[in-house]
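What follows is a short report on a single structure.
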Amino acid sequence: MTERSTPRWRQASTAVWLVAGLLALLFPVLEHNAAYQQIGVYTLIFTACATSWNMFSGYSGYVNLGAGVSYGTGAYTMAIVSRHLDPNNAQGGASLFWVCLLSGVAAMVVAYPIGLVALRVRRHTFVVITIAIFFTFQLIAINASFTGGTGGLFLPYIPWNASYYDVPFYYVGLAMVIFAIVLSALVRRSRFGLQLLAIRDDEDRAMGLGVEVGKIKLTGYVMSAFTIGMCGGLFALLQGQIYPQFVFNPLFDISIALMCFFGGFGTLVGPILGAVVLESSQQYLTVQYSNGSLYLILFGALFLVVILFMPQGIVVFIRQKRKQRSDRRIAALGAQ
Amino acid sequence: MGALTDGVLTGSVYALMATGLTLVFGVMDIINVAQGIFVILGAYLSYTLQVHFGIDLFLGLLITIPTMFLVGIVIERAFLARLKGPEKTAMSILVTYAISLVIEGLLNEIFSVNNVQLSASYVNESFKLFGIYLPYIYLDGFLLAIGLLGALYFMLYRTRFGASIRASLADQSAAALVGIDVKKVSTICFGIGIAVTAAGGMIFGATNSFNASTSYDLISRLLTIIVLGGMGSLAGALVAGILMVTLEDLVGVLWSPVWSTMSFFVVLIIVLSLRPQGLFGKQSARVA
């Protein structure tokens, strides 16, 4: 029996999930400072994105450094659609949140042809192609007319009181996080998830064993675009204005990957942990010091340390330590 | 015709920078996304030497190329040599990205985010070629890039060390089996891959105004070049580099400069749909 499946471990992990869930639920009630509430929303957006990114890239091993394509597509969908809607309608603007679903669908529609082309190559080349496609999209956003060019687009202002403006965003973000986690957990336990993991371990062998690798990869890729697109939509609505370099941001791509590697690439909890720690600390540093380049240096250095000393992320690192401890204990028992 | 001339002249510089990148990938399985910021770093080094010490741009290369070579060696020893395992390539992207963030932050702190451009008499004076006026730097830069590429190719194909690099490029474990010190080859290769950015950066900095964030634009082009040429293929980097800039210029002249940058990405997508391994890539890269 492995250490992970002992009743005590399971109880402990249930307790941690419950406490974390409760804290997440009560955060806007406990924290009234609007600046910190906004940090909360950003953290949720990144948690959902990282979880969703990990559901494809973490499980299949195909590192996607173009997640910003889905994010930006979602954001622009929101911006373009919401301009035609009235924020002063009966639900007091809340109906705009439903457009996020449309953002997610748009991101999937865009992801499909990209996946068709990009997933034809092996994973090393895949990474590079996703970067190239990402910059293509940034260029389209800069040059096309429907995106408003470099000036970007303004979104309708929702007439809410500034003191609780972020609260609805917070709970919509939380709903997206829960959706992403549940989806990722379901995929992980399904036959489909096993096929993705098999591709990560040995694609040729998986293919030999009858896994339809092309179809599985494409499905995973398109699925993960949905949540990221929704988050892009929410982000656009929260910002009130978007422009190309802001939503098609290369730092977004790398932040998401970094969060997953930091927490634990391919694990369920890792991306959540990574996103919560990194995004909140980043936002906090920005609010406190408002010095962009200092932040870059810190962020990069921290990342280097993590990659070099805990190459599999914090979650796997802790698991290995636990396993070593239990192995030692078993060995000690055996010696007696 | 002007577009073609400019394409070949500027393209050779990109080819030089991309050769460093594809060499590193081929030998080490490492994708160095910091190549863009190294180019900028090289440009800033030339800038510093020129502005503060009054050293000529081309003369300064005698200092900046060895400096960048050493930077490459240190980074390889300190970080990249530690990477191993099945996720090595993916990890290398993240590590080099982290390195590039640190350098970007440092450059922003030291030089501020204001754009600068290298200048010299040969940057400002022009000559007439095929009906267009080009500053001398384009020609000088082209000659320098071709010279360095020639030296690189000579080293790779005519020296013993070059042979061991090409052996490591073809098959690392087989190279190790016949007694090649693959570790040493990797370290030096990375050094060379970075050293070319000193020259590339100087020419880039003299033909474009830049700041640290220009590196994003650069790296996306360089990566596209090596994917288009076939990752790990030296000839591919050369051909794709020149092809890219020429195409960009042609579209810019014949159609609209707004879309010129995109034309290359479109070609990339078309080529990859037909030939996933790139123009000169090895067949083994193909997957059903």
Side-chain angles (χ1 to χ4, degrees), chain A residues 57 61-63 65 113-114 116-125 127-129 131-140 142-143 200-204 207 213-214 245 250-251 253-254 257-258 261 265-266 291-308 311-312, chain B residues 25 29 31 33 78-79 82-87 89-91 93-95 97-110 112-113 212-213 216-217 219-221 223-224 226-228 230-231 256 258-259 261-262 264-266 268-270 272-273 276-278 281 284-288:
Chain A
S57 293
Y62 274 76
V63 175
L65 284 188
I114 295 178
L116 270 184
V117 176
L119 288 167
R120 285 165 57 87
V121 297
R122 279 302 163 97
R123 53 182 80 169
H124 302 162
T125 321
V127 185
V128 178
I129 294 176
I131 299 176
I133 292 178
F134 167 79
F135 280 100
T136 315
F137 270 75
Q138 196 192 52
L139 273 170
I140 295 178
I142 291 172
N143 292 327
R200 181 172 88 169
D201 291 341
D202 189 335
E203 186 163 348
D204 291 319
M207 199 157 66
V213 289
Q245 286 90 341
L251 260 177
D253 299 330
I254 200 72
L258 171 57
F261 275 93
F265 187 65
N291 181 337
S293 35
L294 190 67
Y295 161 70
L296 283 179
I297 300 171
L298 283 176
F299 198 57
L302 169 74
F303 189 24
L304 276 178
V305 170
V306 171
I307 288 274
L308 293 175
Q312 289 173 301
Chain B
F25 175 77
D29 276 338
I31 298 175
V33 291
F79 305 113
R82 293 165 192 261
L83 298 174
K84 35 185 104 59
E87 305 291 345
T89 306
M91 299 295 255
I93 295 174
L94 298 171
V95 169
Y97 199 97
I99 292 171
S100 96
L101 286 182
V102 174
I103 299 178
E104 185 188 344
L106 288 173
L107 289 178
N108 277 339
E109 286 284 305
I110 300 171
S112 89
V113 293
S213 61
Y216 290 107
D217 182 50
I219 191 60
S220 66
R221 281 157 186 253
L223 287 174
T224 319
I226 66 164
V227 172
L228 182 64
M231 303 212 13
S256 136
V258 176
W259 293 106
T261 326
M262 250 192 68
F264 185 65
F265 292 113
V266 174
L268 175 79
I269 289 166
I270 295 170
L272 285 177
S273 322
Q277 72 274 37
S284 62
R286 164 156 260 164
V287 50

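Just so it is clear, the structure is predicted and the values come from calculations on it, not from any experiment. Quick note on labels: first sequence line is chain A, next is B, and so on, each numbered from 1.
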**OP:** State, to 0.1 Å, how close A/A132 and B/T224 come at their nearest heavy-atom pair, and which atoms those are.
**Re:** CB-OG1, 3.9 Å
Original post:
Do you know which two heavy atoms are closest between A/A257 and B/L94, and how far apart they sit?
Top reply: CB-CD2, 3.9 Å
Subject >> chain A contact via B/I31 - which portion, at a heavy-atom distance below 4.5 Å >> reply: side chain
**OP:** State, to 0.1 Å, how close B/Y216 and A/F135 come at their nearest heavy-atom pair, and which atoms those are.
**Re:** O-CZ, 3.8 Å
Subject >> Listed partners of B/L107 passing side chain to side chain contact (heavy atoms under 4.5 Å, CB included), at least two apart >> reply: B/I37, B/I40, B/L41, B/Y44, B/I103, B/F111, B/A212
Subject >> Straight-line distance of B/Y97 OH to A/D253 CG, nearest 0.5 Å >> reply: 7.5 Å
Subject >> Exercise: identify the closest heavy-atom pair between B/V102 and A/A301 >> reply: CG2-N, 3.6 Å
**OP:** Identify which of A/L116, A/D201, A/L251 forms the greatest number of heavy-atom pairs closer than 4.5 Å to chain B.
**Re:** A/L251
Original post:
Of all residues at least two apart in sequence or in a different chain, which pass the side chain to side chain contact (heavy atoms under 4.5 Å, CB included) check with A/V127?
Top reply: A/V63, A/L65, B/I93
Original post:
Of the backbone (N, CA, C, O) and the side chain (C-beta and beyond), which part of A/F265 lies under 4.5 Å from a heavy atom of chain B, both, or neither?
Top reply: side chain
Subject >> Structural part of B/F79 lying under 4.5 Å from a heavy atom of chain A >> reply: both
Subject >> Best-contacting candidate, B/I226, B/I219, B/V95, against chain A by heavy atom pairs under 4.5 angstrom >> reply: B/V95
Original post:
Closest heavy-atom contact between B/A98 and A/G300?
Top reply: CB-O, 3.6 Å
